[in-house]
Every structure is written in structure tokens, then in C-alpha cells.
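Sharing a structure, written as C-alpha cells. Questions coming.
None of the values given here were measured: they were computed from a predicted structure. Residue indices begin at 1 and follow the sequence shown. Numbering of ligands and ligand atoms starts at 1, following listing order.
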Amino acid sequence: MASIAPTPTSSYRGRLAPSPTGFLHVGHARTFWTAWQRAREAGGALVMRMEDLDTERSRAVYVDAALEDLRWLGIRWLEGPDKGGPFAPYVQSKRRALYLAAWRKLLLRGFLFPCRCSRKDLESALGAPHESSSHGESNGKLEPLDDEPIYPGTCRRFLGHAPQLPGPTVSDVETPGGTNWRFRVQDGEVVEFVDRNLGPQRFVAGEDFGDFVVWRRDGGPSYQLACVVDDAAMGITEVVRGADLLKSTARQILLNRALRYTNPAWYHCRLVVDHNGRRLAKRHDALSLRALRQRGLTPMNILSAELPVEE
Ligand SMILES: [Zn+2]
């Protein structure tokens with residue numbers, strides 16, 4: 001029985017970071033199982049972190065369901081919302097003070113500018129569809145700001161709150177209040193990393209992604225910011241997640257540098273697709289772990305099934 005999370009014998013720290021915006025499906029099962037296997041093989045610790053920043057779609061029932069489904073699969077974690085631990089709370093909606101402190105740091109270091117563009121402004125400035133039309137959400141992350149179109153640069157002139165502008169100076173700004181804040185990327189900068197599963201990766205700022213949102217006008221940090229802050233605060237050494245987040249990794253490398261955090265290693269898993277080649281989303285109810293379990297499938301059936309993956 002591999003039922004008990006062993007006491008770590010190495011400094012490896014991995015994490016499971018579900019978003020409670022729906023029931024987990026077979027794709028999540030694969031990715032989370034991989035995270036568990038890698039932590040076990042490394043003799044490390046696995047941390048459960050609930051990424052519930054999407055207040056409109058997150059539900060308590062999905063929090064409970066995610067924990068239950070992952071336990072049913074046989075995955076065990078050492079720290080988490082249900083267990084506590086040295087880096088509690090393990091629920092993102094309760095970690096706002098940490099995100100605010102990071103936002104302030106980025107602002108004071110001149111990396112951010114306020115962006116007042118509405119979604120409509122952006123759509124008309126771009127005249128192009130989003131970079132991702134897949135409705136990916138393999139991890140149920142916020143859309144579209146976390147997989148956002150390349151920003152046309154409209155508000156860049158407000159970079160760093162240049163003092164000659166009317167309005168608040170940097171030291172006056174205490175809270176992000178009511179506007180989007182974007183991280184200014186250096187157009188043409190190449191961001192490279194070696195993924196432990198998928199090999200060398202290369203993205204170009206300004207081409208593959210643009211100035212990205214780190215704080216949203218509706219009052220919360222973006223996925224990118226919350227993720228790097230938590231991974232750093234929780235001492236995560238390897239991030240195992242879906243390949244739909246490869247481009248997020250490029251952005252997060254820039255954030256880590258700006259915040260002077262150490263990069264973790266990355267292991268991105270290929271995404272499971274349906275018979276039409278489309279990524280699974282939480283709306284694929286028939287492939288939810290709950291539904292499969294009700295049909296009598298075992299964790300072994302689910303984890304050993306031959307499933308098509310995205311190239
Ligand atoms: Zn703008």
C-alpha cells in the first residue's frame with residue numbers, strides 16, 4: 001500500500017495545484033499522478049495548494065471533490081488545506097497579503113504600469129483572435145487574462161508612474177485598486193528553459209506573449225503572480241503541470257527574475273485530448289473522475305488507459 005506520504009528524505013518539493021472550478025478529469029489525474037510519482041521517486045515532499053482565485057467560478061464543492069478524487073486515485077500529500085503545514089494557508093484566496101507585497105515590490109522596481117484598456121479596447125486594437133482558441137483551461141485557470149492576447153502597448157507610457165505625470169507617485173500607491181497592472185516585457189528578449197519532460201523551450205517576449213497582467217482590475221492577483229509568489233514562498237523545487245502552461249512558464253521566469261526568486265525546475269505533461277483532438281476541459285463531464293468512478297472504473301483503469309495526447 002502506497003497510501004502514506006513518506007517522510008521526505010530529500011530537499012525536493014513538488015506541488016499539486018488544482019483550481020476548484022469544476023470536477024477533475026482524466027487529464028488532471030495523469031498530471032497529478034505524475035507529480036506524485038516524481039515527488040516519491042525523489043524522496044521529496046508534495047504540497048497541496050488550492051488555486052481558488054477565480055471567485056466567480058470557484059466552489060467549495062469542487063474543493064472537497066478535488067481532494068477526494070485525488071485521494072481516491074491514491075495520491076498523498078504532506079502539506080495542504082486539509083493537513084496544515086509550515087507554509088499555511090494553502091488556499092490562495094487566503095494569501096492575498098503575500099501577493100500584494102509582491103505587487104508593491106514590482107511596482108517600486110519599475111516593472112509595472114497601470115492599464116486602463118477595457119477588453120473591448122484590446123479586441124479592437126488587436127483585431128485578432130486570442131493566442132489560444134482552445135478554451136484550454138486544463139487547470140481551470142482564469143481566462144482570458146492568463147492566456148491573454150499580445151498587448152498592443154497602449155498604456156506603456158505610464159510605465160513606472162513617471163513623476164511628471166499627474167496622479168500618484170510610486171510612494172503614494174498603496175493598493176492596486178480598480179485597474180489592471182501589467183508587467184512590461186522587453187520586446188525581443190528570448191526566454192529559454194529546459195523542460196524536464198519536453199526538452200528545450202524558447203519564447204520571445206513581444207512575439208509569443210506581451211505585457212501581461214499581474215493584478216486584475218477586479219481586485220486580485222493574476223494567476224502568473226500568485227503562482228510565482230506561492231512557489232517561492234512554499235520552497236517548491238519542481239513544478240509539474242500541463243503543457244498548456246508552457247508559455248506561462250516563460251512569463252513566470254521574468255517575474256521570478258524581477259522578484260529575485262530562484263526558478264524551480266519544470267516538468268510539463270502533454271495534455272490528454274478527446275477523440276476530436278481537442279483538449280479536455282472541465283465541461284467534459286463524462287470524463288470526470290467522478291463519472292468514471294461511478295461507472296465502476298478503478299484508479300488503475302484510469303491511469304493505465306491509453307489516452308490520446310496533444311503533440
Ligand atoms: Zn492598456
Side-chain angles (χ1 to χ4, degrees), residues 53-57 92 96 99-137 141-191 203-229 244-259:
L53 288 175
D54 183 344
T55 49
E56 275 187 13
R57 294 193 300 158
Q92 287 194 321
R96 186 181 168 83
Y99 310 138
L100 260 180
W103 167 81
R104 199 165 291 124
K105 221 178 258 181
L106 291 170
L107 179 71
L108 292 171
R109 291 178 187 168
F111 290 103
L112 304 185
F113 62 89
C115 170
R116 300 196 165 78
C117 302
S118 65
R119 194 166 298 179
K120 230 179 215 164
D121 293 337
L122 294 177
E123 278 164 11
S124 57
L126 295 159
H130 287 171
E131 66 187 24
S132 164
S133 54
S134 61
H135 304 285
E137 66 143 5
K141 301 308 177 194
L142 298 170
E143 288 183 305
L145 287 181
D146 293 316
D147 197 14
E148 53 201 295
I150 293 186
Y151 182 65
T154 322
C155 304
R156 268 187 176 181
R157 63 183 182 280
F158 299 121
L159 186 62
H161 268 312
Q164 68 270 23
L165 293 170
T169 59
V170 167
S171 54
D172 292 336
V173 179
E174 291 292 318
T175 60
T179 188
N180 283 321
W181 288 85
R182 287 182 186 273
F183 183 94
R184 165 76 188 259
V185 303
Q186 317 235 3
D187 290 334
E189 179 177 3
V190 175
V191 181
F203 296 97
V204 180
E207 290 176 22
D208 294 313
F209 60 91
D211 299 339
F212 55 92
V213 173
V214 297
W215 202 275
R216 298 172 300 141
R217 83 182 78 215
D218 64 8
S222 71
Y223 164 67
Q224 312 296 354
L225 183 67
C227 183
V228 298
V229 167
D244 54 333
L245 291 168
L246 278 168
K247 208 179 282 187
S248 283
T249 297
R251 297 179 180 110
Q252 291 175 12
I253 286 171
L254 298 181
L255 279 179
N256 283 337
R257 185 177 67 191
L259 288 164

Pair Glu189 + Arg257, salt bridge at N-O below 4.0 Å = yes
Within-4.5 Å side-chain heavy-atom neighbours: Arg184 and Tyr151 | no
ring-ring contact (aromatic ring centres under 6.0 Å, His included) partners for Tyr99, two or more places apart =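 Counting only residues at least two positions away or on another chain, Tyr99 forms no ring-ring contact (aromatic ring centres under 6.0 Å, His included).
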Taking only residues two or more places apart in sequence or in another chain, which ones pass side-chain contact (heavy atoms from CB on, under 4.5 Å) with Ala250?
->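 Result, side-chain contact (heavy atoms from CB on, under 4.5 Å) vs Ala250: Val191, Phe203, Phe209.
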Is there side-chain contact between Asp218 and Thr55, with heavy atoms separated by less than 4.5 Å?
-> no
How many N, O or S atoms of the protein are nearer than 2.8 Å to the Zn ion (ligand 1)?
->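 For the Zn ion (ligand 1), protein nitrogen, oxygen or sulfur atoms under 2.8 Å: 4.
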For Asp121, enumerate each residue passing the salt bridge (charged side-chain N to carboxylate O under 4.0 Å, His left out) test, keeping only those at least two apart in sequence or located in another chain.
-> none
